[in-house]
Amino acid sequence: MAVADVVRSGRRALLALVAVAGLLLAACGGGGGAPETGGGASEAGSESTGPQYADEIRIGWSEGKTLDPAYFSLINDYAIAKQIYSGLVQYKMGTTEIVPDLAESWDVSPDGLTYTFHLRHGVKWQKGYGELTAQDVVQHFQRIMDPATASPFAGTLDDVASVEAPDPYTVVFHLKQPSAFFLDQVVAFREGFIANPKAVQDEGQDYGRMPVGTGPYELKEWVPGQYILLEANPDYYGGAPKTKYVRFVHIPDESARQIALQNGEIDVFWNASDPKMIQSFSNDPNYQVYQVNSTGIAVLELNPKAKPLDDVRVRQAMAYAIDYKAITDGVRGGLAVKLNTIIPVGMFGAAPDIQPVYDYDPQKAKELLREAGYPNGFQTSANVLNSGYAPDMFSVIQSNFRDVGIDMQINLVDSPTWQKTLTEANVPISVLLTTRMEPDQILSQFFYGPVCSPKGNNFPCYKGVDDLIAQARAELDDQKRADLYRQIQIKFNQDLPAIPLISNKNVDIVSKRVQGYVKGLAYDADLTHVVVERGR
Amino acid sequence: MIASLTRFFKGDRLAIAALFVTAAIVLVALLAPLLVPYDRAVAVDTMHGFLPPSPGHPFGTDKLGHDILAQLVWGSRPSLAVGLFGTGLAAVLGTAAGLVAGFGGPWLDAIFVYVIDILMAFPLLLLALVMVAMMGASLANIVIAVGVSWAPRYARLVRGLVLELRTLEYVQAARSAGASTARILFVHVLRNALGPILVMFTLGVASSIIVEASLSFLGLGPPPPTPTWGRIIAAGQPYVTAAPWICIFPGLAILVTVLALNLLGDGIRDGLDPRTRNLGRVDKM
């Protein structure tokens with residue numbers, strides 16, 4: 001009987017083969033008929049007499065974790081939070097200029113220690129939570145600062161001595177010392193999104209999935225792993241958004257997102273990273289490609305606890321060994337520029353012209369290794385995020401390192417493991433991928449003594465610019481502050497605790513049917529004026 | 001040699017061809033360092049990415065400028081390593097379990113059968129995927145995962161054979177002649193079970209190669225830069241319309257290898273099966 005079993009399973013071999021062939025076809029022929037579908041949709045649209053608008057904007061993106069501003073960790077969350085919440089002030093879309101949001105105006109005392117915000121009247125919370133008062137704002141920030149909340153952003157509000165609400169429309173912050181970036185700390189970004197304190201209390205643990213804000217859209221439904229549906233907030237102080245619903249469709253795989261866009265299943269492809277694909281969309285009149293120089297950076301993190309990375313000559317050798325052009329042009333297809341210093345161009349204080357900077361020079365790398373006593377290189381390993389461009393970027397770095405004798409093993413890890421790696425600093429090498437709007441956030445969250453692992457994300461436990469960071473934060477004169485950041489960048493590049501790699505451009509691909517799309521710097525967008533012409 | 005092969009495969013020319021193709025692939029894997037330098041397979045040269053097939057790069061290059069042909073040659077190593085060692089491990093584990101179940105009495109048998117049934121309820125790829133995800137992606141772990149996932153199939157096969165064989169007269173005769181259980185197991189039972197195990201092994205190698213390629217495709221293959229067929233396909237998948245050569249060639253490599261191994265397995269099965277003796281070429285369909 002058992003022998004007969006084998007005979008039958010052998011007969012199945014051919015069937016299995018057919019299945020393999022099918023799989024290959026599926027894997028290799030996925031995108032085949034898609035472009036026709038895209039074209040068909042727009043033709044159907046032009047048949048109708050006037051423009052007709054859909055009641056929904058569909059955005060393909062990858063699901064995050066929480067919509068509670070106290071605990072954001074992923075840009076994917078932030079992009080949605082921007083629709084749900086407002087802040088006291090906000091960045092003008094596409095710039096780092098600060099403009100009013102919930103606060104119509106604000107005053108700063110001459111000594112820079114007191115900030116007084118004058119709130120808009122009649123701003124309504126979503127879901128019937130009544131009118132926004134100054135007390136709500138105070139409670140929100142107190143919650144972020146409360147150690148019991150354990151918010152990763154508590155540190156950014158270190159300078160705040162107290163917050164108070166003298167009347168329902170006035171919020172006053174008292175600072176311990178002047179802070180040049182105080183407005184950037186309460187801006188509508190991360191912890192600056194003001195969550196309804198009562199809802200936070202009502203929902204408890206579940207608040208991250210039932211957020212209540214004052215933004216243009218409110219959360220209607222979150223089906224984990226499928227979509228997040230937002231509904232227009234009719235009471236939004238800026239006027240109800242033009243399109244009634246926004247549906248964020250969870251499509252983690254980029255090529256699947258590409259096909260969904262071509263098939264007309266989504267209108268907006270958020271955060272495209274593959275240059276070749278972006279180029280094919282740029283050449284297609286059915287799509288608009290939005291590209292901004294984001295302040296998103298990639299930095300090669302080096303752990304001095306792992307010998308020989310404690311030797312600055314070795315770290316310099318590694319910086320000289322990397323072919324940055326192969327990353328910016330090859331891996332990123334021109335969607336990135338080389339990052340000379342830890343502060344990206346476009347951000348306050350960036351000084352790409354300082355010395356030393358490290359350019360591709362494998363010969364110099366070998367010399368430095370020889371000098372450091374490693375003429376034959378050494379072995380090391382890296383934990384690398386397994387998605388986006390990081391694996392390809394590390395293939396290049398690995399190959400560059402091999403050329404100078406450094407044998408770097410790559411472990412591709414998922415996002416939670418990677419985040420843990422950054423906090424625990426338990427491997428020789430990792431990569432920091434982050435988007436910040438001002439230099440203090442980069443420095444004080446990733447290269448500041450008090451946030452050495454495991455207390456924070458200072459992977460190399462770098463303490464070399466602690467004093468300068470504090471000085472720059474307290475310096476209110478722009479010129480002097482810029483000068484301090486210049487010194488920081490020089491010192492940083494001399495000590496080289498980590499190797500700045502690239503700063504990215506951020507790209508959204510939007511169907512031609514979509515009008516009024518405004519893209520922000522930090523992977524976000526203003527959707528309030530967006531309309532989508534009805535396809536098909 | 002050809003004559004004896006023809007005799008063994010009973011004139012099944014397809015199986016003989018499959019044997020040569022398989023041998024050629026194994027040779028390529030063994031001789032990879034002589035055929036193409038490793039550097040050519042892993043060196044990054046982004047200025048020469050996405051090159052279509054040309055005399056310099058017969059199968060073209062991928063996004064990072066890797067030569068696809070060199071990657072295919074070196075990629076045959078992990079594929080075959082997982083195929084041979086993973087399946088070998090499965091055969092050893094499964095056979096041992098099958099022998100114990102078949103000879104260990106009703107209680108032990110019942111327990112083994114339950115465990116085997118439970119494990120077989122999981123799709124092969126899923127089981128391997130979970131194990132690799134838990135243990136970490138490395139070649140050794142993939143071999144273990146494939147071995148453990150496949151073992152229940154061997155265990156069931158061997159257990160069935162043992163139950164069948166132990167009732168046969170010559171085993172009864174050996175037993176009454178005073179042979180020990182170990183001797184009966186290894187000399188009488190296992191030797192007679194080797195044929196079916198070998199057939200299953202050949203077919204298993206083919207499936208294991210697909211499992212390895214699938215794991216690599218899903219990003220759970222051996223860590224980079226180790227080139228594997230599955231990873232080349234995964235790397236080429238976003239560019240399937242713009243640069244189809246990146247995934248066509250590794251796809252063909254998997255297809256040819258798996259086809260050859262399956263035909264070879266069929267041939268061996270027919271060769272070992274006394275009932276198909278002297279029938280000439282066996283009709284595959």
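Naming: A, B, ... by sequence-line order, numbering from 1 per chain. Keep in mind it's a predicted model, so treat the numbers as computed, not measured.
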Other residues, nucleotides and ligands only: do more than 12 of their heavy atoms fall within 6.0 Å of [atom1] on [X]?
{"X": "A:Q279", "atom1": "CD", "result": "no"}
{"X": "A:K505", "atom1": "NZ", "result": "yes"}
{"X": "B:H48", "atom1": "NE2", "result": "no"}

Which pair of non-hydrogen atoms, one from A:G330 and one from B:K63, has the smallest distance, and what is that distance?
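In terms of heavy atoms, the two residues are closest at O-CE, 4.1 Å.
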
Need one label for A:L412: side chain, backbone, both or neither, based on atoms under 4.5 Å from any heavy atom in chain B.
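For A:L412, the side chain is the part near chain B, not the backbone.
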
Side chain, backbone, both or neither of A:D392 within contact of chain B (heavy atoms, under 4.5 Å)
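Backbone plus side chain of A:D392, per the 4.5 Å heavy-atom cut-off to chain B.
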
Close contacts, residues 37-44 of chain B versus chain A, judged by heavy atoms under 4.5 Å:
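Listed by number, the contacting residues are B:D39, B:V42, B:A43, B:V44.
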
Out of A:V396, A:D323, A:N400, return the one with the most heavy atom pairs under 4.5 angstrom to chain B.
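Top count of heavy-atom pairs under 4.5 Å with chain B: A:V396.
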
Separation of B:L64 CG from A:M393 CE (nearest 0.5 Å):
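Taking CE in A:M393 and CG in B:L64, the distance rounds to 12.0 Å.
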
